[in-house]
Amino acid sequence: MWTSITEWESLQTGLAYFYLLCVLLNLGFAFYYFKVEKNLAAAGFWTVVSLAYGALAAGYFAHLGWALPVNIKNGIDYLMGPVIYSLGSVVAFCIVLYWRKFFTNPHVAWGMLNLSILAFGFSVTDKNFFDIVRKPDNVPIPLLIYSVGFFTWLALRRSVLNDQRMARGEAPLEKLEDEKVLVWPDLVYTELLAMIICTIILVAWGLLLKAPLENPATSAKAPNPSKAPWYFLGLQEMLVYYDPWMAGVVLPTMIIVGLIAIPYIDYNKQGNGYYTFSQRPFAIITYLVGFIILWVTLIVLGTVLRGPNWNFFGPFSYWDPHKVDPLNNINVSDIFWLHWFGKSVKGMHWFIRELPGIILVLIYLLVLPPLLAKTIMRSMFIRMGFIRFFVLVTLLQFMACLPIKMLLRWTINLKYIVYLPEFFFNI
Amino acid sequence: MSVGDFIRNSQVWKSIFRHPAPRDRRNRVVVMLTNVFLHLHPVSIRKSGIALSYTWCMGGITFFLFLVETVTGVLLMFYYRPTLEHAYNDILALRDVATLGVLREIHRWGAHAMVITIWLHMYRVFLTGSYKPPREFNWGVGVILLVLTLLLSFTGYLLPWDQLAIWAITVGSNMARATPFLGHEGPGSTFLKIGDTPLIHNGSDARFLLLAGRSVGGDTLLRFYVLHCVAIPLAVGLLIAVHFWRVRKDGGISGPL
């Protein structure tokens with residue numbers, strides 16, 4: 001709820017200007033289709049959309065108090081949880097990738113942009129959501145979402161066009177501009193312009209938005225939640241599922257090692273120097289899963305949906321520091337000895353107790369790779385050779401660590417596969 | 001003779017620019033070879049390689065942001081003292097009193113933007129397959145640069161010495177005590193001991209090395225300050241030189257063969 005009326009009033013004025021900007025955006029898009037593409041239907045449609053934004057802007061200038069209805073907010077908060085959020089992003093990701101030809105159509109993409117703008121605009125009418133978004137250090141998050149979204153669209157669009165061209169036996173678009181031009185003036189002027197634009201944006205951003213400065217540091221009072229800088233929130237989110245030695249040390253190291261290893265394990269010679277999807281689907285899907293699903297969406301989750309005590313909160317719910325999420329997570333040893341054999345694990349030697357979990361991990365790391373080489377990844381194994389293949393599979397296994405643990409947590413409340421507090425060795 | 005011609009014909013001007021303005025083809029070639037900054041570029045380039053829809057300009061913007069961070073950072077160093085006594089108050093003064101206090105805003109937003117642009121640069125390089133031979137090594141250099149960029153941002157986060165800073169660094173650096181073997185709560189660390197004396201404890205482990213103490217304190221501030229202002233920028237500068245050199249040597253901006 002808005003406790004300060006002046007804040008709510010000034011937000012409405014801000015939203016009015018925001019929607020006015022959307023009017024201009026859509027008018028520009030419509031004008032492009034009118035002038036360049038000579039497509040009157042499209043131009044008309046986007047003009048109507050811009051008029052709708054104009055009505056919104058007028059409503060907010062008049063301070064009519066349009067806000068997202070409480071029922072919708074409660075519904076979204078009720079539905080939203082780590083499971084829905086994660087699975088939802090995976091499903092959306094698969095849909096967009098599979099029907100990429102449809103989704104990269106400029107009109108469809110522009111429509112999705114407009115929908116996301118509307119969703120954002122109505123979301124900020126909620127005080128709780130607004131308080132998260134307006135934190136100065138959270139400003140990079142919308143920037144990240146929209147820039148990654150835009151460039152994913154651009155790359156997929158060019159991939160679709162190139163794949164269609166190459167299917168017809170033509171060269172990729174990049175090949176059409178094969179002639180050489182002089183760097184002065186063609187490149188240095190672009191660079192100069194880019195530098196000027198960046199400077200203007202940075203100075204304007206700096207003048208409009210103050211850098212955050214909270215109370216002086218004290219080790220006596222920890223803020224709740226204590227969050228790492230936004231670009232590490234994906235790693236912090238992994239702490240829900242793994243202990244710090246995995247989430248904070250091993251997995252980040254594997255990310256760095258894996259990234260460096262990419263050029264040495266990707267044996268596919270095609271797709272060097274132009275956008276394509278169908279010539280290297282495995283590489284691109286793997287990278288997109290890593291970057292979009294496991295990195296960007298986890299950062300957004302950590303920023304927007306994690307509140308006090310790192311509890312999950314719906315986007316519109318109040319960050320109640322006293323919220324208690326009952327945890328009744330169990331370990332593999334409990335499942336094996338207690339549930340299956342009715343024996344208590346208390347007093348058991350650690351090796352016997354954890355043997356089931358250790359065997360599971362060993363099977364995962366040592367038996368699965370040769371099994372894959374023999375079966376579904378056989379052709380890859382033959383083409384890649386022993387070392388390349390096992391490096392690839394090991395890296396993929398570490399990448400899959402997180403989703404596997406997520407699924408186990410959500411389905412059978414699994415806490416640890418191997419639980420050895422004696423040696424700080426919990427997986 | 002006009003003033004412009006007088007200047008352009010003077011000995012001073014000619015000593016700086018050893019040839020006429022780059023208005024014809026010959027001088028447009030020569031200008032790229034006789035200027036130390038411009039000669040980072042080739043003389044000519046494939047048209048597809050400078051199309052914004054291909055490169056997204058993200059590598060260049062990242063480099064430009066690094067320069068912005070360097071310049072604003074050096075200027076901020078004139079104001080800021082990395083001690084418990086002064087750090088917070090110096091930032092307060094930058095916010096409220098200092099004439100060009102906006103430099104801090106530019107520095108901070110530039111840092112956030114740089115993290116995003118370097119990710120996008122990597123995204124583009126991957127999606128165009130530009131890491132493929134002969135550019136494998138340069139991709140690796142780029143990954144190290146990415147890690148260093150995140151570390152630069154992370155070390156800088158502590159310097160304002162407010163609640164936001166100290167707790168973000170506490171959360172981030174707590175990971176280090178779980179480092180396998182080298183953190184006192186990491187797996188395997190209990191095996192490292194001489195007789196009954198453990199080698200790895202909270203006064204000797206990886207986190208202690210990072211923080212210069214058992215918790216985030218005054219020595220941490222100094223350590224992060226030196227890392228942020230001297231050590232990491234030097235490493236980044238060196239690797240940027242390697243990165244750019246290898247872009248040229250590996251065949252310039254990638255494109256279809």
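Numbers restart at 1 for each chain; the letters A, B, ... are given by sequence-line order, proteins then strands. All values below come from the heavy atoms of this structure, side chains included, with hydrogens, waters and symmetry mates left out.
With chain A as partner, the option from B:Pro180, B:Gly129, B:Pro187 having the largest number of non-hydrogen pairs under 4.5 angstrom is B:Pro187. Ranking B:Met58, B:Arg177, B:Arg104 against chain A, the residue ahead of the rest is B:Arg104, based on heavy-atom pairs under 4.5 Å. Interface summary for chain A: among B:Gly255, B:Ser254, B:Gly140, the most heavy-atom pairs under 4.5 angstrom belong to B:Gly255. Annotation: maximal heavy-atom pairing with chain A below 4.5 Å, among B:Phe64, B:Trp109, B:Phe154, occurs at B:Trp109. Your options are B:Ile50, B:Ile166, B:Ile45, B:Leu120, and the one with the most heavy-atom pairs under 4.5 Å with chain A is B:Ile45. Counting heavy-atom pairs closer than 4.5 Å to chain A, the top-ranked of the candidates B:Gly60, B:Pro133, B:Pro42, B:Gly186 is B:Gly186.
Counting only N and O atoms by type, the side chains of B:Ser153 and A:Tyr231 include a donor and acceptor under 3.5 Å apart. Using modelled atom types, one finds no donor on one side chain facing an acceptor on the other under 3.5 Å when comparing B:Ser48 with A:Tyr274.
Atom NE2 of B:His39 has 12 or fewer neighbouring heavy atoms from other residues, nucleotides or ligands inside a 6.0 Å radius. More than 12 heavy-atom neighbours from other residues, nucleotides or ligands sit within 6.0 angstrom of NZ on A:Lys210. More than 12 heavy atoms of other residues, nucleotides or ligands shown are found within 6.0 angstrom of CZ on A:Arg134. Within 6.0 Å of OH in A:Tyr146 there are more than 12 heavy atoms belonging to other residues, nucleotides or ligands.
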Go through it in stages, so that I can follow the logic: the residues are A:Ser147 and B:Ile116, the test is side-chain contact (heavy atoms from CB on, under 4.5 Å), and I'd like the CA-CA distance, side-chain angles, deciding distance and then a yes or no. CA-CA 8 Å; A:Ser147 58; B:Ile116 296 179; 3.7 Å; yes
Would you please test B:Val43 and A:Trp184 for side-chain contact (heavy atoms from CB on, under 4.5 Å) and show each step? CA-CA 8 Å; B:Val43 167; A:Trp184 187 298; over 6 Å; no
Take A:Asp137 and B:Arg108, measure what side-chain contact (heavy atoms from CB on, under 4.5 Å) needs, and give me the verdict at the end. CA-CA 9 Å; A:Asp137 266 6; B:Arg108 193 179 186 99; 2.5 Å; yes
Going through the distances and angles, do B:Phe191 and A:Phe423 end up as a ring pair (Phe, Tyr, Trp, His ring centres under 6.0 Å)? CA-CA 9 Å; B:Phe191 299 124; A:Phe423 312 107; 5.5 Å; yes
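Using a cutoff of 4.0 Å between basic side-chain nitrogens and carboxylate oxygens, A:Asp266 and B:Lys132 are scored as salt-bridged.
By the 4.5 Å heavy-atom criterion applied to side chains, A:Leu239 and B:Met175 are counted as neighbours.
Relative orientation of the A:Phe151 and B:Trp56 rings is parallel, given thresholds of 30° and 60° on the angle between their planes. Using bins of under 30°, 30° to 60° and over 60° for the plane-to-plane angle, the ring pair B:Tyr54/A:Tyr275 lands in the perpendicular bin. Relative orientation of the A:Trp295 and B:Trp119 rings is perpendicular, given thresholds of 30° and 60° on the angle between their planes.
With B:Gln163 contributing its side chain and A:Thr218 its backbone, the two residues share a donor-acceptor pair below 3.5 Å.
In this structure, A:Ser226 OG and B:Asn174 CG are separated by 9.5 Å, a value rounded to the nearest 0.5 Å.
Contact of A:Pro140 with chain B is made through backbone and side chain together, with heavy-atom distances under 4.5 Å. Both the backbone and the side chain of A:Ala283 come within less than 4.5 Å of a heavy atom in chain B. Heavy atoms of A:Val203 lying under 4.5 Å from chain B belong to its backbone as well as its side chain. Both the backbone and the side chain of B:Trp161 come within contact range of chain A, each with at least one heavy atom under 4.5 Å from a heavy atom of that chain. Only the side chain of A:Ile299 comes within contact range of chain B, with at least one heavy atom under 4.5 Å from a heavy atom of that chain.
Note that B:Arg135 lies outside the cation-pi zone of A:Tyr264, set by a 6.0 Å cut-off to the ring centre and a 45° limit from the axis.
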